[in-house]
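See below for the structure under consideration.
Note: hydrogens, waters and symmetry copies are ignored here, and every other heavy atom, side chains too, is used.
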Amino acid sequence: MQEGGYYNSKKTDDICQDVCGPASRAALSMSRLRCILRGFDHKALLLLFVGLPLFIFGIYLHGQKITYFLRPLWESPPKPFNIIPHYYHENVSMENLCKLHGWGIRDTPRRVFDAVLFSNEVDILEIRWNELHPFVSEFVLLESNSTFTGQVKPLFFAQNREKFKFVESRLTYGVVGGRFVKGENPFVEESYQRVALDQLIRIAGINEDDLLIMSDVDEIPSGHTIDLLRWCDDIPYKLHLELRNYLYSFQFYLDNRSWRASVHRYKPGKTRYAHFRQTDDLLADSGWHCSFCFRHISEFVFKMKAYSHVDRVRFSYYLKPSRIQDVICRGADLFDMLPEEYTFQEIIAKMGPIPSSYSAVHLPGHLLQNVDKYMYLLPGNCLRESG
């Protein structure tokens, strides 16, 4: 301690003392804050108050893309399918076609049941049922007054039933009431409706070893594929169908990796209607999957808000009609997502809009026989009605 003086052991704020001096002790709190900030590097402050908020905002906008791009790091690809080569030509006999697949031929064809959950795909259902009409014994359709997301939905099939008179004698139609549980995962409602469809299939009179087609409305097996499977003996009890993937119309061919559609030799008490992988066997080139193939912009908006992946609608402007029309014509992604692939090579290869295809070869027959009605589904016709 110094003689005759006062000793203070408290540390002083050297930064503020040196810069602002003793007068800072009497300044307002804002003055002291400015004093403290003078001790920081300007670049660090810029990074803290500008760079960090921009980074957080970027994660908010593009976090989903980042997650999908990094998918190969945290998720392994599924087990490869056992792909069964598919042989077909209209001038080859059914006996020879069955032999080419390693199967025998039956004396009589199996009965075929085509079962679907219906939302609002009226045109696609018309194309599907006309494609399958010569080969299906019973059409089974279930619709609900609720979307998977719990919204009230009109009974679109009932409103358009007149268009389907050609299957009326072979139609089992059912309606299941929605549960309208707020905040519930949409896949719970979807599962509930699929269980109800399973019951309707039994009501339709399906028997052991009849063929049951399990697929969404827009997953359309080709008629000759179903004809082959109903006539051939010793086919697998469960068989997934490889479909050509199209988006918005048959102009935008994505790949041939749609596999969720399946055909089953029905076993009472064991066969259950499902839309996930149920076997390793996959029959190549067996039809078409035309996703979001609608005539009206309003139908796009409805599905985007109604189906199980509603979480992909991250921003309200995704539903803007002008944006949807632009996305359709460019072959871009409605939800601004990256490809759902398992390797960086595949992700990068599929980034960006889908290239246009101008081939209308080997498409559903009813579509090509009624081009004036379905022109919007053919290459070169991307404009949609507002409706």
Side-chain angles (χ1 to χ4, degrees), residues 78-79 81-82 84 98 101-119 125 128-129 132 135-144 146 148 157 167 169-179 181 184-217 219-221 225-243 258-283 286-287 308:
K79 178 183 177 182
F81 279 101
N82 169 38
I84 300 174
C98 290
H101 290 84
W103 303 326
I105 189 167
R106 297 167 54 89
D107 293 331
T108 58
R110 294 182 181 84
R111 294 197 308 163
V112 179
F113 286 69
D114 180 37
V116 294
L117 276 178
F118 185 75
S119 178
L125 182 66
R128 176 194 181 99
W129 279 2
L132 298 177
F135 315 108
V136 169
S137 309
E138 191 73 14
F139 295 94
V140 184
L141 183 144
L142 179 74
E143 70 174 330
S144 174
S146 169
F148 294 158
F157 180 81
V167 302
S169 63
R170 288 182 274 161
L171 174 62
T172 300
Y173 170 65
V175 176
V176 60
R179 296 174 306 120
V181 180
E184 185 177 64
N185 188 316
F187 286 99
V188 176
E189 177 66 27
E190 180 179 347
S191 178
Y192 165 74
Q193 293 187 23
R194 292 193 188 279
V195 170
L197 179 56
D198 202 42
Q199 297 172 349
L200 189 64
I201 291 166
R202 293 195 293 271
I203 293 172
I206 196 168
N207 294 321
E208 186 168 5
D209 208 42
D210 288 340
L211 288 187
L212 174 61
I213 304 171
M214 300 184 189
S215 70
D216 286 348
V217 172
E219 298 167 338
I220 308 173
T225 297
I226 300 305
D227 197 28
L228 174 77
L229 296 176
R230 72 181 187 136
W231 272 106
C232 294
D233 217 355
D234 304 319
I235 65 172
Y237 277 93
K238 299 177 182 179
L239 185 61
H240 281 288
L241 304 180
E242 179 189 78
L243 308 180
S258 178
W259 55 264
R260 290 184 179 274
S262 59
V263 176
H264 300 245
R265 292 168 60 181
Y266 189 79
K267 289 185 176 181
K270 293 186 177 181
T271 304
R272 292 289 181 269
Y273 195 95
H275 198 238
F276 49 75
R277 183 164 175 169
Q278 303 180 68
T279 179
D280 293 335
D281 294 325
L282 179 70
L283 183 63
S286 299
S308 297

Between [X] (side chain only) and [Y] (backbone N and O only), is there a donor and an acceptor less than 3.5 Å apart?
{"X": "Ser191", "Y": "Phe187", "result": "no"}
{"X": "Glu143", "Y": "Phe157", "result": "yes"}
{"X": "Tyr273", "Y": "Ser215", "result": "yes"}

Within the structure provided, determine whether [X] and [Y] are in side-chain contact (heavy-atom separation under 4.5 Å).
{"X": "Trp103", "Y": "Asp233", "value": "no"}
{"X": "Pro221", "Y": "Leu132", "value": "yes"}
{"X": "Val167", "Y": "Val136", "value": "no"}
{"X": "Glu189", "Y": "Val181", "value": "no"}
{"X": "Ile206", "Y": "Val140", "value": "no"}
{"X": "Leu239", "Y": "Ile84", "value": "yes"}
{"X": "Asp281", "Y": "His240", "value": "no"}

Nearest 0.5 Å, what's the [atom1]-[atom2] distance between [X] and [Y]?
{"X": "Leu283", "Y": "Ser262", "atom1": "CG", "atom2": "OG", "answer": "12.0 Å"}
{"X": "Leu228", "Y": "Ile235", "atom1": "CG", "atom2": "CD1", "answer": "8.0 Å"}
{"X": "Ser308", "Y": "Asn185", "atom1": "OG", "atom2": "CG", "answer": "7.5 Å"}
{"X": "Lys270", "Y": "Arg265", "atom1": "NZ", "atom2": "CZ", "answer": "13.0 Å"}
{"X": "Leu212", "Y": "Thr271", "atom1": "CG", "atom2": "OG1", "answer": "7.0 Å"}

Please report the shortest heavy-atom distance between [X] and [Y], naming the atom on each side.
{"X": "Glu219", "Y": "Ala261", "value": "OE1-N, 4.0 Å"}
{"X": "Gly174", "Y": "Leu200", "value": "N-CD2, 3.7 Å"}
{"X": "Arg277", "Y": "Pro78", "value": "NH1-CB, 4.1 Å"}
{"X": "Gln278", "Y": "His264", "value": "OE1-CE1, 3.3 Å"}
{"X": "Leu197", "Y": "Leu142", "value": "N-CD2, 3.5 Å"}
{"X": "Gly177", "Y": "Ser144", "value": "C-OG, 4.1 Å"}

>> Under 4.0 Å between a side-chain nitrogen and a carboxylate oxygen: does that hold for Arg202 and Asp198?
In response: yes
> Is Arg260 salt-bridged to Asp216, going by a charged N under 4.0 Å from an acidic O?
Replying inline: no
Contacts under 3.5 angstrom, residues 105-115 side chains, donor-acceptor by atom type, not counting sequence neighbours:
| from | atom 1 | to | atom 2 | distance (Å) |
| --- | --- | --- | --- | --- |
| Arg106 | NE | Thr108 | O | 2.9 |
| Arg110 | NE | Asp209 | OD2 | 3.3 |
| Arg110 | NH1 | Leu229 | O | 3.0 |
| Arg110 | NH1 | Cys232 | O | 2.7 |
| Arg111 | NE | Asp210 | OD2 | 3.3 |
| Arg111 | NH2 | Gly205 | O | 2.8 |
| Arg111 | NH2 | Asp210 | OD2 | 2.8 |
| Asp114 | OD1 | Arg128 | NH2 | 2.6 |
| Asp114 | OD2 | Arg128 | NE | 3.0 |
| Asp114 | OD2 | Trp129 | NE1 | 3.3 |

> Should the heavy atoms of other residues, nucleotides or ligands under 6.0 Å from OH of Tyr192 be counted, would the total exceed 12?
Replying inline: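 Check passes, neighbour count above 12.
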>> side chain to side chain contact (heavy atoms under 4.5 Å, CB included), that's the test. Do Val263 and Thr225 meet it? Break it down for me.
In response: CA-CA 10 Å; Val263 176; Thr225 297; over 6 Å; no
>> Would Val188 and Arg179 count as a side chain to side chain contact (heavy atoms under 4.5 Å, CB included) here? Give the steps.
In response: CA-CA 10 Å; Val188 176; Arg179 296 174 306 120; 3.5 Å; yes
>> If you apply the rule side chain to side chain contact (heavy atoms under 4.5 Å, CB included), what do you find for Val176 with Gln199, and how did you get there?
In response: CA-CA 11 Å; Val176 60; Gln199 297 172 349; over 6 Å; no
> What class does the angle between the rings of Phe81 and Trp259 fall in, given that below 30° is parallel, 30 to 60° is tilted and above 60° is perpendicular?
Replying inline: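 Tilted.
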> Does NZ or CZ of Arg230 lie under 6.0 Å from the centre of the six-membered ring of Phe135, at an angle within 45° of the ring axis?
Replying inline: no
